[in-house]
Number of protein chains: 2
Amino acid sequence: MGVLEKFPAARRAKRAVEAPARLPLNEILRGDCIETMRALPDRCVDMIFADPPYNLQLGGDLHRPDGSQVDAVDDDWDKFDSLAVYDRFTREWLHEARRILKDDGTIWVIGSYHNIFRVGTALQDEGFWILNDIVWRKANPMPNFKGTRFTNAHETLIWCSKAEKAKYTFNYRTMKALNDDIQMRSDWTLPICSGGERLKDDDGHKAHPTQKPESLLYRVMLACTEPGDLVLDPFFGTGTTGAVARRLGRRWIGIEREDKYIKVATQRIQATLPLDESAMMSIPEKKAAPRVAFGLLVESGLIPPGSTVTDSKRRWSAMVRADGVLAGPNGATGSIHGLGAQLQGAPSCNGWSFWHIETPTGLEPIDAVRQRHLAQLGE
Amino acid sequence: MGVLEKFPAARRAKRAVEAPARLPLNEILRGDCIETMRALPDRCVDMIFADPPYNLQLGGDLHRPDGSQVDAVDDDWDKFDSLAVYDRFTREWLHEARRILKDDGTIWVIGSYHNIFRVGTALQDEGFWILNDIVWRKANPMPNFKGTRFTNAHETLIWCSKAEKAKYTFNYRTMKALNDDIQMRSDWTLPICSGGERLKDDDGHKAHPTQKPESLLYRVMLACTEPGDLVLDPFFGTGTTGAVARRLGRRWIGIEREDKYIKVATQRIQATLPLDESAMMSIPEKKAAPRVAFGLLVESGLIPPGSTVTDSKRRWSAMVRADGVLAGPNGATGSIHGLGAQLQGAPSCNGWSFWHIETPTGLEPIDAVRQRHLAQLGE
DNA sequence: GTCTCCGCTGAATCAAACA
DNA sequence: GTGTTTGATTCAGCGGAGA
């Protein structure tokens with residue numbers, strides 16, 4: 001388990017090379033999602049976003065567990081039969097999705113209470129590891145006209161890594177920045193897709209019944225992919241995933257069965273302009289900065305040997321030795337981290353923020369010295 | 001499907017008589033929930049509220065950034081050997097629950113992403129008919145300390161009738177009144193249980209690791225039961241269900257395995273005073289003011305990435321990045337507030353009034369965009 | 001008595017690089 | 001793989017201490 005955040009350029013470049021040349025990039029593949037995924041190689045996509053059907057009227061692709069064909073318009077088959085059919089369909093496409101997902105990739109699936117519990121169970125059973133369930137709070141849901149239930153005002157997304165210990169990309173800082181510097185929560189309030197964003201067919205009717213808002217895909221992709229990553233959407237519909245991927249400089253593959261949606265999506269994506277790269281940049285993560293050993297600052301004279309460091313409340317102090325080791329009270333010594341932990345009796349400690357040096361304007365964390373040093377290196 | 005609302009007094013009276021005299025009313029039954037339910041007769045309760053173990057599968061210790069340790073749920077009752085074992089347990093207790101539920105009764109089950117998909121699947125498989133899934137948005141959830149995921153800020157409740165065509169009670173008007181005369185939605189924002197409501201043991205530690213807030217049960221019971229109805233909670237814990245039932249003039253049965261919880265719950269419920277009947281229909285409730293992050297306007301395309309913002313006198317300008325961060329002159333970046341303060345050399349700055357966008361009619365503060373967005377949300 | 005500051009806490013599947 | 005080292009990481013609400 002681990003988070004890949006702002007990984008080195010080498011890895012990003014590797015990603016671009018990894019994908020076999022024969023992969024159909026930035027294209028809509030026409031066909032059944034399961035069969036079409038079967039034609040794609042193992043471990044070739046960085047993220048999968050899936051908005052599977054949940055009306056159980058899935059057409060001729062569905063078979064009962066015994067193999068017999070299901071007639072979707074035949075309402076004789078009971079609820080349990082239909083649930084079993086839906087489960088089978090879900091497990092099949094998730095199985096293929098898992099095969100073609102890279103080991104450090106993630107999958108997102110969106111649904112409502114009609115199907116999301118089946119999907120979540122199938123995800124866990126296939127070995128995916130749930131990282132979060134996300135609630136999309138619709139700012140403007142359709143009211144419950146009959147007054148028989150609560151207004152169904154949300155949908156649920158499930159976000160999974162490929163396995164419990166798998167690494168995955170999560171752009172924590174970017175999400176925090178997007179939320180006014182407060183951690184992004186698992187509930188997202190976004191308007192439904194309407195107005196000019198809602199695609200219409202030639203008759204002026206909505207082109208697709210469940211077109212998702214671009215803002216939703218925008219947040220998903222900003223959170224869990226890097227520019228250049230490959231995103232697959234096996235239920236492409238009107239191509240919201242493709243449009244947002246193009247806008248954010250991600251590559252994409254769409255799978256869609258119906259020609260009318262392929263037509264609409266193709267036009268839509270062609271009309272979408274990629275963002276300028278400077279506008280796309282995500283927050284540089286601290287983890288990406290080159291490491292600076294404390295000893296380096298001592299060597300450089302930025303923190304001279306023999307100087308004294310204290311914690312912010314001056315409860316403890318220590319002397320900086322020439323080798324970068326701190327000498328604390330009662331003969332205690334250690335690295336900036338080790339001594340800080342030792343004195344506080346804590347399991348661990350970030351010495352960079354714990355220790356401070358005296359300046360004319362007051363105490364300053366030694367991390368500030370490191371940052372100045374880093375800034376100097378960068379020039 | 002049908003809703004029993006404002007049913008005639010006759011029906012209410014009938015309910016009171018229906019329950020066999022031998023039913024243990026307003027009592028905590030000590031024992032395993034499945035075995036104990038087996039001893040109850042068919043179709044005897046009007047509602048079931050269940051807060052089963054979540055099967056959290058937590059790993060090692062978790063520390064806050066300040067070094068303190070998170071007091072995690074490590075109780076034996078939350079440990080299951082596998083998902084299969086958990087599923088079997090879930091199906092068994094749901095099967096008994098279904099048997100003792102009246103045909104026009106409803107069941108509520110609460111859970112998190114660890115277990116709720118298993119629960120939802122099992123509910124559907126047992127023949128329950130999902131009416132809504134409800135999201136409890138926690139006003140004050142625990143943050144994600146390591147920055148590895150989205151803050152897990154909600155739990156999910158599933159509300160079911162006994163069958164697709166079953167009648168059930170839903171007090172639509174009560175819910176609407178409770179929500180400032182707007183239909184109650186499927187997402188409820190409520191604080192977690194803390195402060196004086198949180199029960200402590202003799203040592204001053206929390207008596208139960210997962211005590212639910214009374215406000216949650218209050219809303220559930222107001223929505224789906226009538227005074228005099230019988231509510232069963234098979235995982236009674238510290239008795240929130242019993243306390244709220246008593247307060248609202250409902251009858252209750254609790255099932256709990258552990259003596260320490262029974263003891264606490266008994267005291268608690270004895271100390272709970274039933275509401276005056278006239279007071280029973282209203283809840284004072286403060287509505288949280290919606291907070292709109294700048295990034296939300298960027299995501300929504302209201303302020304497109306790449307656009308330029310300036311202060312009112314056009315002394316400074318900055319570019320809006322895709323993540324909602326502003327990129328100013330000389331490589332300076334920051335949030336709308338942070339960069340504004342930085343450029344002015346001020347300790348702080350209200351970015352909403354400081355930054356403006358160009359419009360056909362001149363400069364407009366970005367707060368105006370926010371206000372229009374809020375108006376659209378209708379919140 | 002009032003206001004401010006500080007500390008504590010909550011159903012959590014919570015690190016990564018290097019030797 | 002395993003163990004060690006480095007160092008990254010938090011929000012809202014309540015209540016007690018202190019001004």
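Just so it is clear: chains get the letters A, B, ... in the order the sequence lines come, proteins before strands, and each one is counted from 1. Keep in mind that the numbers below use all heavy atoms, side chains included, and drop hydrogens, waters and symmetry copies.
- Annotation: cation-pi geometry satisfied between B:Arg370 and B:Trp352 (NZ/CZ under 6.0 angstrom from ring centroid, within 45° of ring axis).
- With C:dT9, C:dC14, C:dA11 as the choices, the nucleotide that has an atom nearest any side-chain atom of B:Leu56 turns out to be C:dA11.
- Within the 4.0 angstrom heavy-atom criterion, base atoms lie near B:Asp78.
- Contact annotation for B:Lys212: base contact, defined as any heavy-atom pair under 4.0 Å involving a base atom.
- The distance between the ring centers of A:Trp136 and A:Trp188 does not fall below 6.0 angstrom.
- Evaluation of atom-type donor-acceptor distances gives no pair under 3.5 Å for the side chain of A:Trp352 against the base of D:dT6.
- The distance between the ring centers of A:Tyr168 and A:Trp129 does not fall below 6.0 angstrom.
- As judged by a 4.0 angstrom heavy-atom cut-off over every strand, A:Leu131 is placed among residues making no nucleic acid contact.
- Look at A:Tyr172 and you'll find a side-chain N or O under 4.0 angstrom from OP1 or OP2 of D:dT10.
- Contacts of B:Thr151 with the nucleic acid, taken as non-hydrogen atoms under 4.0 Å apart, are absent.
- OP1 and OP2 of D:dA8 both lie 4.0 Å or more from every side-chain N or O belonging to A:Lys176.
- Using a 4.0 Å heavy-atom criterion, one finds that A:Arg185 contacts no nucleic acid atom at all.
- At D:dC11, none of the side-chain N or O atoms of B:Lys138 fall inside 4.0 Å of OP1 or OP2 (strictly under the cut-off).
- Regarding contacts with the backbone of C:dA12, every side-chain N or O of B:Lys146 stays at 4.0 angstrom or more from both OP1 and OP2.
- Within the nucleic acid shown, B:Pro141 comes within 4.0 Å of at least one base atom, counting heavy atoms only.
- Side-chain atoms of A:Arg291 stay outside donor-acceptor range of the base of D:dT5, with no qualifying N/O pair under 3.5 Å.
- Across all strands shown, B:Ala72 has heavy atoms under 4.0 Å from base atoms, whether or not it also approaches the sugar-phosphate.
- Distances shorter than 4.0 Å separate none of the side-chain N or O atoms of B:Arg149 from OP1 or OP2 on C:dA15.
- With A:Phe128 as the aromatic partner, A:Arg98 meets the cation-pi criteria of under 6.0 angstrom to the ring centre and within 45 degrees of the ring axis.
- Among the heavy atoms of the strands lying under 4.0 Å from B:Asn144 is at least one base atom, whether or not backbone atoms are also near.
- The side chain of A:Arg370 places an N or O atom within less than 4.0 Å of a non-bridging phosphate oxygen (OP1 or OP2) of D:dA8.
- Applying the 4.0 Å criterion to OP1 and OP2 of D:dT6, one finds that A:Ser335 has a side-chain N or O inside that range.
- Spacing between C:dC6 and D:dT10 at atom C1', rounded to whole Å, works out to 16 Å.
- Distance from the side chain of B:Leu62 is smallest for C:dC14 among the nucleotides D:dT10, C:dC14, C:dT13.
- Among the atoms of the strands shown, base atoms are found under 4.0 Å from some heavy atom of B:Asp51.
- Residue contacts for B:Cys193: at a heavy-atom cut-off of 4.0 Å it reaches no nucleic acid atom on any strand shown.
- Residue A:His337 has a polar side-chain atom (N or O) positioned under 4.0 Å from OP1 or OP2 of D:dG7.
- Nucleic acid contact for B:Pro213: none, since no nucleic acid atom lies under 4.0 Å from a heavy atom of the residue.
- Using a 4.0 Å heavy-atom criterion, one finds that A:Gly338 contacts no nucleic acid atom at all.
- One finds no side-chain N or O of B:Arg64 lying less than 4.0 angstrom from the OP1 or OP2 phosphate oxygen of C:dA12.
- Put simply, CG on B:Leu216 is 12 Å from P on C:dA11, counting in whole angstrom units.
- Side-chain N/O atoms of A:Asn350 and base N/O atoms of D:dA8 include a donor-acceptor pair closer than 3.5 Å.
- In this structure, the nucleotide among C:dT9, D:dG13, D:dT9 sitting nearest to the side chain of B:Pro65 is D:dT9.
- Base engagement by B:Thr210 is indicated by at least one non-hydrogen atom pair under 4.0 Å involving a base atom.
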